[in-house]
Amino acid sequence: MKIQDTLRSAEQELEIIDKIRIYLCGVTVYDDSHIGHARTIIVFDVLRRYLENKGASVQFIQNFTDVDDKIINKAKTENSTANQISARYIENYFRDFDSLNVKRATAYPKATEHITEIQEFIKKLIASNVAYVSQNGVYFSVAKFPEYGKLSKKNIDELQSGVRIEVDENKQDPLDFALWKFSNEEPTWDSPWGKGRPGWHIECSAMSIKYLGESFEIHGGGRDLIFPHHENEIAQSESFTTKQFAKIWMHVGMVTINGEKMSKSLGNIKTINHVLQNWGANIIRLFCLSGHYSKPIDYTEELLRENLVKWRQIEMCYYELIHSKLGNVEETIDVERWSNDFDSALESDLNTHLALTAFFTLVKETNRLAAEGKLGTDTNKIKAEMERMMDILGLKIPEITLKEKERIDEMIYSREKLRHEKKFQEADRIRDKLNDMNIELIDHKGRTIWVRKERINAESNF
RNA sequence: GGUACUCUGGCAGAACGGUUAUGCGUGGGCCUGCAAAGCCUAUACAAGGGGGUUCGACUCCCUCGGGUACCUCCA
């Protein structure tokens, strides 16, 4: 499959081989995750699910940054410890992303649990003379890495003249970045250079190399990480190994809110917890996949609603397939065609929008046949393909128990009887009751089927 | 200011040097006791502005303009 590589500004072939190694820069655990995190992580979740569907074994590593100024500051204001803060937000992370139906990564390494690896890494960089110890920490010397700027397409001279923060006297060059920061404020670790804590970028280099090796297939994250985070990772890692680091750099576009940047100062952060309450996982996933991952996407009520309509069509289709009785096929659906379209869309730089188009064509075709009473013996084939696509997209129809089914069938039977007797008011009362249970009845010609609708809280606010 | 990405019909969003993308929305219809959902059907000849290359450009080039991101907090 083809993936756009930020480093080369061109699509690169990703061979779907037995083992594919992916490192995704995760979150700094100082606050609840928001819809922007969700988009990046859902995009990678779909990539991973697709590769696995094609038979690859994916080693998927996603870190937690659990040592950072923001965590320490939050701990101070709450009179708590950095550990308590990060533990709390890691817990929330899993609450949110499990609810979003994101598959768990192979491992979630934490910076604080890899201090040894980080220090070994720094030792070697110092020994190779690309890093130096100064008054307040250990720094990487950007001048020693001639290719610095190759990922973000920045020119070192321009960066230097554009430095806008006060120059740190302890650095040899304003562009140098910290590998280790000296500090006496907890959390700290002893090191050969002095007590302190790791800088931000070093953990990802140390941990990705530990878990995935010196070179691996894909390294990714949000677009905003290109500079300085990923640029610095390349400088450190390639100085360390003298090998090409990631083969493909994949970056996901930002989420804006009604056209504006999401930021604390604007007060427009949409936490995952919040949007889940209103819209549920399936609609959020459809929303996040509705545009190409590399482009920005705007979070608006209108778009969410559009995806709600689509989700209802999917539910409808699913239950049509569940309820359809095996009979003669008068007309078939070209399942292979939509299946191939779906796959080739994803093969082409993970074009989820186009893949969704193929998926919805299958849904629409199925609904059409159902409406015409022509669903027949190939129902299982359609259902299997639909489930495959839904699995890759990470969409999930909630399970329904046998007991619930029996109860629904009984109620439908009673309603049918009342309808035959033309007691429509009483019949409608049963229908209303089912509606309260989120069961919608569909009266087709001569038969009634039911659809278990996911409750979407936002819907009642329209 | 610099760099990168981007600009398609009311909205979302693709492909492609020359054919209707598609979806949502909207109008009409079918089904139904009614409704909802679904289905059918109709509807937008759209490409930020201006140049150029070409027999022909939404697609390539130039230029002007808008947007988003980044320029050591950021998914």
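Everything numeric in this text was worked out from a predicted model, so none of it was measured. Every chain is numbered from 1 and lettered A, B, ... according to where its sequence line falls, protein lines coming before strand lines.
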For atom CG of Asn367(A) and atom C1' of rC31(B), their distance in whole Å = 15 Å
Measure from NZ on Lys154(A) to P on rA69(B) and round the result to the nearest Å.
-> 14 Å
Any salt bridge linking [X] with [Y]? Criterion: basic side-chain nitrogen under 4.0 Å from a carboxylate oxygen.
X	Y	result
Glu387(A)	Lys383(A)	yes
Arg429(A)	Asp432(A)	no
Arg419(A)	Glu416(A)	yes

Side chain of Glu306(A) - closest among rC11(B), rC73(B), rG38(B) | rC11(B)
Categorize [X] for me: base, sugar-phosphate, or nothing, with a 4.0 angstrom heavy-atom threshold over every strand shown.
X	result
Val255(A)	base
Lys310(A)	sugar-phosphate
Gly36(A)	base

Donor-acceptor side-chain pairing of Gln4(A) and Ser294(A) below 3.5 angstrom | no
Taking only residues two or more places apart in sequence or in another chain, which ones pass side-chain contact (heavy atoms from CB on, under 4.5 Å) with His114(A)?
-> Pro109(A), Glu117(A), Met207(A), Lys210(A), Tyr211(A)
Distance, [atom1] atom - from [M] to [N], rounded to whole angstrom:
N	M	atom1	result
rC39(B)	rA4(B)	C1'	46 Å
rU68(B)	rA44(B)	C1'	28 Å
rG33(B)	rG27(B)	P	25 Å

Complement of rG33(B), any strand, by Watson-Crick or G-U distances under 3.5 angstrom | none
Base of [N] paired with side chain of [X] (donor-acceptor, under 3.5 Å):
X	N	value
Asp443(A)	rA35(B)	yes
Arg431(A)	rA35(B)	yes
Glu320(A)	rG38(B)	no

Give a yes or no on whether the ring-centroid distance for Phe44(A) and Tyr293(A) is below 6.0 angstrom.
-> no
Between the protein and nucleotides 41-43 of chain B, list the N/O to N/O atom pairs that are separated by less than 3.5 angstrom.
none

Output for pair (Thr40(A) OG1, His251(A) NE2), nearest 0.5 Å, gives 10.0 Å
Ser290(A) or Leu441(A), whichever maps to the more 5' nucleotide of RNA chain B = Ser290(A)
side-chain N/O Gln313(A) vs rC24(B) OP1/OP2, d < 4.0 Å = yes
